[in-house]
Amino acid sequence: MVRLSEAEWKVMNALWENTPQTIMQLTRRFQETTGWTKHTVMTFLRRMEDKGAVGYEAGEKAKLYYPKIGRQEAALQETEEFLERVFEGRMGLMLNTMVERKALSGTEIQELYEILRQAEEARGDGKESGKDGEEV
């Protein structure tokens, strides 16, 4: 499992959007918004390399960095860790909290309905059976 800091997520998002990139390309991207220097970016990349999140190839003049893990894989790991840490691994508790806070838009609620419908279809006929095989 690769655990990324908030700053490392920014770097990963940049690499997922456009890969490969050099240290200087990344520095230029972040310098104005974050104030990161070349040395800061180098430090992040070294840590991320140690974690197995990024790799590099030798370019003509500079190393070309690329992500070694996919965005979806990283997001899934982060989501599972967050769910376990904050909501004791209970998806229902998290969704209930979001609904109570009115944090879900109508569009997001429709997306959830669609996700649940697809999950039911993937599981079979969408109906659960009780102990005796009767539909519940």
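Residues forming a side-chain contact (heavy atoms from CB on, under 4.5 Å) with Glu108 (at least two apart in sequence, or on another chain): Leu104, Ser105, Glu111. Partners of Lys51 by salt bridge (Lys or Arg N to Asp or Glu O under 4.0 Å), not counting sequence neighbours, listed by chain and number: Glu8. Annotation: side-chain hydrogen bond (donor to acceptor under 3.5 Å, both in side chains) contacts of Thr107 (sequence neighbours excluded): none. Applying the side-chain contact (heavy atoms from CB on, under 4.5 Å) rule to Glu114 yields the partners Arg117, Gln118; only residues at least two apart in sequence or on another chain are considered. Residues meeting the ring-ring contact (aromatic ring centres under 6.0 Å, His included) test with Tyr66, sequence neighbours left out: none.
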Between Leu64 and Thr22, does a side chain to side chain contact (heavy atoms under 4.5 Å, CB included) hold up when you go through it step by step? CA-CA 5 Å; Leu64 298 170; Thr22 66; 3.6 Å; yes
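There is no path of hydrophobic side-chain contacts, each under 4.5 Å, that joins Leu116 to Met98. Linking ILVMFWY residues whenever their side-chain heavy atoms come closer than 4.5 Å, directly or via other members, leaves Met24 and Tyr65 in distinct clusters. Grouping the Ile, Leu, Val, Met, Phe, Trp and Tyr side chains by contacts below 4.5 angstrom, directly or via other members, places Ile69 with Leu15. When the side chains of ILVMFWY residues are joined at heavy-atom separations under 4.5 Å, either directly or via intervening members, Leu45 and Trp16 end up in a single hydrophobic cluster.
Within the structure, the salt bridge (charged side-chain N to carboxylate O under 4.0 Å, His left out) test picks out the following pairs touching residues 14-29 (sequence neighbours left out): Glu17-Arg29. For residues 86-97, every residue pair satisfying the side-chain hydrogen bond (donor to acceptor under 3.5 Å, both in side chains) rule, not counting sequence neighbours, is listed here: Asn96-Glu100. Sorted by first and then second residue, the side-chain hydrogen bond (donor to acceptor under 3.5 Å, both in side chains) pairs involving residues 38-48 (not counting sequence neighbours) are Thr37-Thr40.
Here the closest heavy-atom approach between residue Pro67 and residue Met12 is recorded as CB-CE, 3.8 Å.
Annotation: the span from Trp36 atom CH2 to Leu26 atom CG amounts to 9.0 Å, rounded to 0.5 Å. The line from CE of Met91 to CG of Leu93 is 11.0 Å long, rounded to the nearest 0.5 Å.
When side chains are defined from C-beta on, Lys63 does not count as touching Ile23, because their heavy atoms never get closer than 4.5 Å.
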Side chains of residues 72-84: which donor-acceptor pairs under 3.5 Å do they make with residues two or more places apart or in other chains?
unit_1 : atom_1 : unit_2 : atom_2 : d
Gln77  : OE1    : Val2   : N      : 3.0
Thr79  : OG1    : Ala75  : O      : 2.7
Glu81  : OE1    : Arg85  : NH1    : 2.5
Glu81  : OE2    : Arg3   : NH2    : 2.8
Glu81  : OE2    : Arg85  : NH1    : 2.9

Exercise answer: donor-acceptor pairs, residues 52-62 side-chain atoms, under 3.5 Å, sequence neighbours excluded:
none

